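Worth saying up front: this structure is predicted, and the values here are computed from it rather than measured. Atom set for the values below is all heavy atoms of this structure, side chains included, hydrogens, waters and symmetry mates excluded.
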Amino acid sequence: MNFNSLAEYFYKIYNICLLMLFIPIGIFLFVYYLLLTGKINPTIQSESVIQGILITFPILVILDLTIVHLVVRKRLLLLAKEVSLGIKVEKYFSVISLRITAIVASAIFMAAGLFITAHELFPVYFLGLIIWLFFQWPNPRKVCRDLRLKGDEEKMVLTKGEAFK
């Protein structure tokens, strides 16, 4: 990702993350609308199968997000050892996009669960994933924590480069 300042970097990263956030929200709202208007019917009607899906889908999502969390944490530890702040923040985007993409994919998975079962717990699962996404949002404080920045680098990221002008 090309950027001329830290302010531009955060502007671009926020926009990309917001666009990624709108994808599952749009899909989920579309599926919800189709179910409410009766244009589609759930493909699975059996209560025992629906109960199995209600248990299996969240377990799969938790496993997926746990694996992604461990991979991202390992990559961030390696990235924190880089010498240059510019290299750190440039590579940080590719690492954080993996985390955001996993959450977005999991949210789309919950929309698929709503599509096939029309059960009222899938919107709750979906909302939980969206809230989790906001806890993973790449704000300056999170970038400092993830990259283990200290001193001038931390101050520069927290102020988006304004501290040294």
Side-chain angles (χ1 to χ4, degrees), residues 1 3 9-81 88-149 157-158 160:
M1 177 169 54
F3 57 94
Y9 173 78
F10 281 106
Y11 178 76
K12 285 183 177 183
I13 201 168
Y14 288 165
N15 284 339
I16 291 169
C17 289
L18 272 174
L19 288 173
M20 290 175 71
L21 172 66
F22 287 142
I23 292 169
I25 290 175
I27 291 171
F28 195 85
L29 289 175
F30 182 68
V31 168
Y32 201 77
Y33 169 76
L34 291 176
L35 287 169
L36 283 178
T37 58
K39 293 184 180 178
I40 59 171
N41 293 320
T43 56
I44 297 177
Q45 303 282 332
S46 171
E47 194 61 36
S48 61
V49 175
I50 290 174
Q51 291 302 320
I53 290 173
L54 285 173
I55 294 169
T56 305
F57 273 38
I59 289 173
L60 291 174
V61 166
I62 290 170
L63 285 173
D64 176 50
L65 293 179
T66 301
I67 291 168
V68 168
H69 175 75
L70 294 173
V71 168
V72 166
R73 193 174 89 186
K74 184 178 178 183
R75 287 186 184 179
L76 288 173
L77 287 174
L78 292 173
L79 191 55
K81 295 176 183 175
K88 286 179 184 179
V89 295
E90 188 171 327
K91 291 181 179 179
Y92 179 77
F93 174 72
S94 65
V95 174
I96 200 67
S97 65
L98 174 66
R99 182 187 291 166
I100 301 297
T101 303
I103 298 170
V104 165
S106 297
I108 292 171
F109 191 58
M110 290 303 156
L114 179 67
F115 179 76
I116 62 174
T117 66
H119 197 276
E120 61 269 2
L121 268 179
F122 280 105
V124 175
Y125 295 157
F126 181 82
L127 182 62
L129 285 168
I130 298 301
I131 291 170
W132 181 248
L133 176 67
F134 285 116
F135 281 113
Q136 302 301 315
W137 200 259
N139 60 25
R141 183 154 312 279
K142 181 129 179 82
V143 171
C144 290
R145 199 174 331 120
D146 286 345
L147 295 176
R148 300 171 191 253
L149 299 178
V157 169
L158 287 175
K160 298 180 184 174

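- Side-chain contact between I53 and F122 is present, with at least one heavy-atom pair separated by less than 4.5 Å.
- Of all the heavy atoms in T66 and I62, the pair that sits closest is OG1-O, 2.7 Å.
- In plain terms, the two heavy atoms of I100 and Q136 that are nearest each other are CD1-O, 4.1 Å.
- The CZ atom of R148 sits 11.5 Å away from atom CG of L79, with the distance rounded to the nearest 0.5 Å.
- To the nearest 0.5 Å, atom CG of residue L60 and atom CD1 of residue I55 are 12.0 Å apart.
- Atoms OG and CG, on S106 and L63 in that order, are 10.5 Å from each other to the nearest 0.5 Å.
- By the 4.5 Å heavy-atom criterion applied to side chains, I96 and V143 are not counted as neighbours.
- Partners of F109 by ring pair (Phe, Tyr, Trp, His ring centres under 6.0 Å), not counting sequence neighbours, listed by chain and number: F57.
- When all heavy atoms of S97 and S94 are compared, the pair lying nearest together is OG-O, 2.8 Å.
- Between D64 and H69, every side-chain heavy-atom pair lies at or beyond the 4.5 Å cut-off.
- Taken to the nearest 0.5 Å, the NZ atom of K81 stands 13.5 Å off from the CG atom of L147.
- When all heavy atoms of K160 and P140 are compared, the pair lying nearest together is CE-CG, 3.8 Å.
- In F115, the CZ atom is not crowded: 12 or fewer heavy atoms of neighbouring residues, nucleotides or ligands sit closer than 6.0 Å.
- In this structure, CG on L114 lies 11.0 Å from CG on L121, to the nearest 0.5 angstrom.
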**Asked** Checking salt bridge (Lys or Arg N to Asp or Glu O under 4.0 Å) for the pair K88/D146: CA distance, chi angles, key distance, verdict?
**Response** CA-CA 10 Å; K88 286 179 184 179; D146 286 345; over 6 Å; no
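- Under the 4.5 Å side-chain criterion, counting only non-hydrogen atoms from C-beta, Y125 is not in contact with L129.
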Side-chain donor-acceptor contacts of residues 16-44 below 3.5 Å, not counting sequence neighbours, with atom names and distances?
from: T37; atom 1: OG1; to: Y33; atom 2: O; distance (Å): 3.0
from: T37; atom 1: OG1; to: L34; atom 2: O; distance (Å): 3.3

**Request:** Apply the test side chain to side chain contact (heavy atoms under 4.5 Å, CB included) to residues Y9 and Y14: give CA-CA distance (whole Å), side-chain angles for both, the deciding distance (0.1 Å), then the verdict.
**Result:** CA-CA 9 Å; Y9 173 78; Y14 288 165; over 6 Å; no
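- Atom CH2 of W132 has 12 or fewer neighbouring heavy atoms from other residues, nucleotides or ligands inside a 6.0 Å radius.
- The shortest distance between side-chain heavy atoms of R75 and L70 does not fall below 4.5 Å.
- Going from atom NZ of K74 over to atom CG of L77 covers 10.0 Å, rounded to the nearest 0.5 Å.
- Residues W137 and K142 share a closest heavy-atom pair of O-CD, 3.6 Å.
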